[in-house]
Amino acid sequence: MLFKNLTLFRFPSSLRATLESLDEQLPNAALKPLGALEFSTRGFVSPFGRGEEQLSHRVGDCILLALGGEDKLLPAAVVNEALAQKLDAVREREGRNPGGRERKRLKDEVLTDLLPRAFARPSRLAGYIDLGLGWLVVDTSSRKSAEGFVTAIREALGSFPALPVNAESSPRALLTGWIGGEPLPDGFLLGDECELRDPVDAGAVVKCKNQELDSDEIREHLKAGKQGFQLGLTFEDRLGFVLSEDLVIRKLRFLETATEALERDERDSLRAEIDATFALMTGELKRLLQRLETELSFSAADA
């Protein structure tokens with residue numbers, strides 16, 4: 001259950017009272033079965049897994065949520081082949097080529113016929129709300145998927161003015177400076193990967209992995225005008241991650257010094273395991289996000 005990617009949103013502190021009662025609103029936004037003629041469906045599911053009714057789990061100021069979904073798998077090649085057969089039948093029967101409007105109608109007929117028989121692919125996306133710090137954290141690097149998570153909360157509550165995290169200083173300039181040798185904040189160390197780009201459109205891109213970043217090779221790229229778009233970092237020897245100039249945290253790893261307590265202690269149920277893991281994860285991320293907020297001058301949602 002430890003998150004691997006973080007897309008971050010801020011919400012106003014005035015929403016805390018509303019979010020305190022989120023659990024009462026979630027049943028109205030629970031995942032519903034996919035209809036025969038529907039392509040997809042989204043809704044909240046239990047973070048404890050199948051067969052559980054509880055749609056959220058709170059530890060301290062943090063609320064764990066899981067957004068479930070189903071999407072019909074209907075390959076374009078299958079649709080096109082079925083449509084081609086219908087078009088051929090019209091040509092053979094009537095000796096003419098169907099026009100654009102008729103083609104659309106025949107395609108709708110094909111979809112109506114195929115959708116009820118298409119397989120549905122399930123999906124699951126986790127996120128949590130930090131009531132104390134005003135964060136929504138979604139376990140994805142996809143902005144589209146994260147926005148879908150926000151939309152689901154908004155539909156459950158009627159209103160949820162959360163905004164993607166924004167920095168008052170330039171993340172790209174900060175990453176470039178750190179790669180170039182400027183002092184890192186206390187507790188942070190350079191990792192072994194980065195992505196450098198020429199900032200002009202269609203400019204050169206250099207991706208480095210397993211690379212000493214404090215090297216002549218990297219410095220030459222910076223001298224040529226490339227800038228840091230992603231940078232691998234470690235925090236307090238407990239978290240490893242890649243910070244991007246879009247402020248998405250990718251490749252998040254909880255290092256042994258952070259997880260040794262989980263590995264040492266035994267728990268007698270899945271719920272106890274989830275409870276302990278969630279508490280550890282949110283505790284570690286609170287410290288990280290507070291430090292990043294300071295170093296990158298994140299804008300407040302109330303501003």
Side-chain angles (χ1 to χ4, degrees), residues 1-9 123-127 137-147 164-167 169-260 262-263 277 280-281 284-296 298:
M1 192 204 73
L2 292 173
F3 288 10
K4 295 180 174 61
N5 301 281
L6 309 177
T7 297
L8 307 170
F9 297 83
S123 63
R124 183 182 177 91
L125 181 61
V137 182
V138 188
D139 184 15
T140 180
S141 61
S142 165
R143 181 70 68 186
K144 181 179 179 180
S145 296
E147 290 285 359
V165 66
N166 187 34
S169 58
S170 168
R172 191 188 308 174
L174 197 61
L175 296 179
T176 303
W178 289 348
I179 297 170
E182 293 181 5
L184 274 77
D186 290 343
F188 289 88
L189 295 173
L190 287 180
D192 61 1
E193 66 176 290
C194 70
E195 180 177 309
L196 305 175
R197 299 185 197 174
D198 192 320
V200 301
D201 290 340
V205 178
V206 176
K207 296 183 179 182
C208 302
K209 293 185 179 181
N210 303 318
Q211 169 79 46
E212 284 285 344
L213 300 185
D214 183 18
S215 67
D216 291 339
E217 180 181 354
I218 298 297
R219 282 190 285 271
E220 287 302 316
H221 285 300
L222 296 177
K223 287 179 182 178
K226 295 184 180 66
Q227 298 177 0
F229 277 67
Q230 293 189 0
L231 174 61
L233 296 164
T234 61
F235 177 61
E236 295 183 347
D237 198 30
R238 301 176 70 83
L239 298 172
F241 59 96
V242 173
L243 179 62
S244 303
E245 59 98 24
D246 60 2
L247 302 179
V248 173
I249 294 173
R250 296 172 167 86
K251 300 182 182 180
L252 178 64
R253 295 174 293 117
F254 291 78
L255 305 179
E256 185 176 355
T257 49
T259 60
E260 58 185 358
L262 287 178
E263 298 167 356
T277 303
L280 179 141
M281 179 180 74
E284 297 292 337
L285 293 181
K286 274 180 183 289
R287 290 197 299 276
L288 173 64
L289 295 182
Q290 285 177 307
R291 287 297 306 281
L292 291 177
E293 180 174 21
T294 299
E295 301 303 331
L296 281 79
F298 289 159

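Numbers here simply count residues along the sequence, with the first being 1. Model, not experiment: these values are computed from the prediction.
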Notebook entry, point to check: Between Thr7 (side chain) and Val138 (backbone), is there a donor-acceptor pair under 3.5 Å?
Noted result: no

Next item on the list: Please round to the nearest 0.5 Å and tell me the distance separating atom CG of Leu239 and atom CG of Leu2.
Entry: 10.0 Å

Next item on the list: Could you grab the distance from atom CE of Met281 to atom OG1 of Thr259, nearest 0.5 Å is fine?
Entry: 13.5 Å

Notebook entry, point to check: Under the 3.5 angstrom rule, does the side chain of Ser215 hit a backbone N or O of Glu212 as a donor-acceptor pair?
Noted result: yes

Notebook entry, point to check: Which atoms form the tightest heavy-atom contact between Arg143 and Asp246, and what is the distance?
Noted result: NH2-O, 3.6 Å

Checklist line | Worked verdict on Leu262 versus Phe254 for side chain to side chain contact (heavy atoms under 4.5 Å, CB included) | finding: CA-CA 11 Å; Leu262 287 178; Phe254 291 78; over 6 Å; no

Check: Does the side chain to side chain contact (heavy atoms under 4.5 Å, CB included) test come out yes or no for Gln211 and Glu217, once each step is laid out?
Finding: CA-CA 10 Å; Gln211 169 79 46; Glu217 180 181 354; 3.7 Å; yes

Check: So do Pro199 and Arg172 actually touch side chain to side chain, heavy atoms under 4.5 Å?
Finding: yes

Margin query: Could you go through Leu213 and Leu231, starting from their C-alpha distance and side-chain angles, then the distance that decides it, and tell me whether this counts as side chain to side chain contact (heavy atoms under 4.5 Å, CB included)?
Written below: CA-CA 10 Å; Leu213 300 185; Leu231 174 61; 3.5 Å; yes

Next item on the list: Spell out, as yes or no, whether a donor-acceptor pair under 3.5 Å connects the side chain of Arg253 to the backbone of Thr234.
Entry: no

Next item on the list: Nearest 0.5 Å please: distance from the CG atom of Leu190 over to the CD1 atom of Ile218.
Entry: 10.5 Å

Check: If you round to the nearest 0.5 Å, how far is CG of Leu6 from CG of Leu292?
Finding: 9.5 Å

Checklist line | Option passing salt bridge (charged side-chain N to carboxylate O under 4.0 Å, His left out) with Glu193 (candidates Lys251, Lys209, Lys207) | finding: Lys251

Check: Do side-chain atoms of Ser169 reach the backbone of Leu296 as a donor and acceptor pair under 3.5 angstrom?
Finding: yes

Check: Do you know which two heavy atoms are closest between Thr176 and Lys226, and how far apart they sit?
Finding: CG2-O, 4.4 Å

Check: Can you tell me how far the CG atom of Leu285 sits from the CD1 atom of Ile249, to the nearest 0.5 Å?
Finding: 7.5 Å

Check: Does the side chain of Leu289 reach to within under 4.5 Å of the side chain of Val137, using non-hydrogen atoms?
Finding: yes

Next item on the list: Kindly say whether Gln290 contributes a backbone atom to a donor-acceptor pair with the side chain of Thr294 at under 3.5 angstrom?
Entry: yes

Next item on the list: State, to 0.1 Å, how close Lys4 and Asp139 come at their nearest heavy-atom pair, and which atoms those are.
Entry: N-OD1, 3.0 Å

Check: If you take all heavy atoms of Asp198 and Gly203, which pair is closest and at what distance?
Finding: CB-CA, 3.9 Å

Check: Aromatic rings Phe188 and Phe241: how do their planes relate, parallel, tilted or perpendicular, breaks at 30° and 60°?
Finding: perpendicular

Next item on the list: Check the pair Phe235 / Arg287 against side chain to side chain contact (heavy atoms under 4.5 Å, CB included), numbers first and verdict last.
Entry: CA-CA 9 Å; Phe235 177 61; Arg287 290 197 299 276; 4.2 Å; yes

Margin query: Between Lys144 and Glu147 (salt bridge meaning N to carboxylate O under 4.0 Å), is one present in this structure?
Written below: no

Check: Which atom pair, heavy atoms only, marks the closest approach of Trp178 to Pro185?
Finding: CZ2-CD, 3.5 Å

Notebook entry, point to check: Atom OG1 in Thr257, atom CD in Glu284: separation rounded to 0.5 Å?
Noted result: 7.5 Å

Note to self: Looking at Asp214, I'd like to know if its CG atom is crowded, meaning that more than 12 non-hydrogen atoms belonging to other residues, nucleotides or ligands lie closer than 6.0 Å.
What the structure shows: no

Notebook entry, point to check: Do Leu247 and Leu8 have side chains that get closer than 4.5 Å, going by heavy atoms?
Noted result: no

Note to self: On a heavy-atom basis, which atom in Leu184 and which in Leu189 lie closest, and how many Å separate them?
What the structure shows: CD2-C, 3.8 Å

Next item on the list: State, yes or no, whether a side-chain contact exists between Val206 and Cys208 at a heavy-atom distance under 4.5 Å.
Entry: yes

Notebook entry, point to check: Any side-chain heavy atom of Glu245 sitting closer than 4.5 Å to one from Leu174?
Noted result: no

